[in-house]
Chemist: 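What follows is a structure written as structure tokens; I'll ask about it next.
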2 protein chains.
Amino acid sequence: MTDHAATGAAPITLLIVDDHPVVRDGLRGMFESAPGFRVLGEAPNGVEAVSLAAALDPDVILMDLRMPGGGGVDAIRELTRTGARAKVLVLTTYDTDSDTLPAIEAGATGYLLKDAPRDELFTGVRAAAEGRTVLSPAVASRLVSAVRAPGNEPLSTREREVLALVARGTSNREIARELFISEATVKTHLTHLYAKLGVNDRAAAVAAAYQRGILG
Amino acid sequence: MTDHAATGAAPITLLIVDDHPVVRDGLRGMFESAPGFRVLGEAPNGVEAVSLAAALDPDVILMDLRMPGGGGVDAIRELTRTGARAKVLVLTTYDTDSDTLPAIEAGATGYLLKDAPRDELFTGVRAAAEGRTVLSPAVASRLVSAVRAPGNEPLSTREREVLALVARGTSNREIARELFISEATVKTHLTHLYAKLGVNDRAAAVAAAYQRGILG
DNA sequence: ACGGACATCGGCCGATCGGCTGATGTCGCC
DNA sequence: GGCGACATCAGCCGATCGGCCGATGTCCGT
């Protein structure tokens, strides 16, 4: 199928995965009107993406995260597990996505933002096709700090106590009184455990804690 | 042991359970200096409370919730399960405790605040000893609204979507963009699901969702 | 036809959170 | 004896949250 005797060099074949039809159309139009690319298909969620990837065998998969009916990270993990040839380039809508790390860990080759300039997208896809890592600046900076913290840094006793109270809906002030410490200290513990869990707020911290078995 | 021929009427025997020694001392002093009560023992957590209750067979157990090394609710549940004779009177530090319902459901006879006036505590203990329910006004009002909502009201699809994003650390504004709705609507969904889950903030909502299997 | 659950939106406002910067003291390790 | 992890605390400030009021429209069941 992917005969490499067409336009000088063989075009890079693509699979577009996004739950918004508008976005899919936009990406398809963008890549079809540019030389060197070929869009093989589209999928609205992770589950369909996996089966389509098996059927179409694209070079690169442009994948959104956060889709109803089959999350992107799970799809990436599945693709990696089954040894798919395709490189996955995550294309997310907004910057500070808490799934950056999970996606990369799951096997994504790159991570770009949808509002990146066209050229950056093209360059990114070509780089991904060659197996090179592509990261948007914002994501890159998040990564370095995350790499410094492997992911499962253990929480200290105090941090776990604070977190447990947070999970019960306790405010910082109440936590302070409960633990006989000042509110400032509570906030310090929170800041520290946010960093360790790789999150930015208490709700996500609680979720991360449950998923790591720290709570529940 | 509990001979009923002492001070006219038999004194009400107590077991005090709290992780703070200061609080235990305070309660012990208060009840020992009042006629009609007898403090049999103290425990710093729920686990020890259960074994002490079996050994001492008190009439009433004054129980704090939220203790390191054995939560109060679990202890109450265990006491109920084993058919302990003692009535459990929950004595919590601050008002809006998210454990009100779990504690009552687990079998607590009453729920008072520590800053209640002495007389109210005495009255409460006597009432509890007779098996009557004692609730502080704040707790009572929470209960009525909770009774109206049995506890496992199912979340609507939209509410689940919002909640899932909250668990990822997404802000209301981001959720709005993600779901193509306004921030006001996001807040409405949140308010509704808070009510259904019996919580007051997003962190507790995430925790409740995990414990009910809605997330993770 | 009416009520009830759901989804959508608006505005107001006080309370709370989270980030930032910086500081002190303890403890254990090398 | 210094270095790192932990725990404690302070102030500042913008961003966000959550509560409160009310409103519209849909769909469904009776």
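A note on names: the letters A, B, ... follow the listed sequences, proteins ahead of strands, and every chain is numbered from 1.
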Chemist: Just the endpoints, please: which first and last nucleotides of DNA chain C, 5' to 3', lie under 4.0 Å from a heavy atom of chain A?
Modeler: C:dT16 to C:dG19
Chemist: Let me spell it out: for each of B:Ser171 and A:Ser182, pick the nucleotide of DNA chain D with the closest heavy atom. Which residue's pick is nearer the 5' end?
Modeler: A:Ser182
Chemist: Could you state the atom-to-atom distance from NZ of A:Lys196 to P of D:dA5 in whole Å?
Modeler: 9 Å
Chemist: Select from A:Asn172 and A:Thr188 the residue whose nearest nucleotide in DNA chain C is closer to the 5' end of that strand.
Modeler: A:Asn172
Chemist: Just grab all the ring-ring contact (aromatic ring centres under 6.0 Å, His included) pairs involving residues 156-192 of chain A, residues at least two apart or on different chains.
Modeler: A:Phe180-B:His20
Chemist: So what does A:Ser156 touch, heavy atoms closer than 4.0 Å: a base, only the sugar-phosphate, or nothing?
Modeler: sugar-phosphate
Chemist: Counting only side-chain nitrogens and oxygens, does A:Thr185 get under 4.0 Å of the OP1 or OP2 atom of D:dA7?
Modeler: no
Chemist: Any idea which heavy atoms bring A:Ile76 and A:Ala108 closest together, and the distance?
Modeler: CG2-N, 3.7 Å
Chemist: Quick one: A:His189 NE2 to D:dA5 P, roughly how many Å, whole number?
Modeler: 16 Å
Chemist: Taking CD from A:Glu183 and C1' from D:dA10, how many angstroms apart are they, rounded to a whole number?
Modeler: 12 Å
Chemist: What closest approach, in Å, do A:Arg202 and A:Thr170 show between heavy atoms, and which atom pair accounts for it?
Modeler: NH1-O, 3.3 Å
Chemist: Looking at A:Val39 and A:Phe31, what are the two nearest heavy atoms and their distance?
Modeler: CG2-CB, 4.0 Å
Chemist: Grab the CG-C1' distance between A:Leu190 and D:dT8 for me, whole Å please.
Modeler: 14 Å
Chemist: How close do A:Ala176 and A:Ser182 get, heavy atom to heavy atom, and via which atoms?
Modeler: CB-C, 3.7 Å
Chemist: Hey, are B:Glu161 and B:Arg158 close enough for a salt bridge, meaning a charged N less than 4.0 Å from a carboxylate O?
Modeler: yes
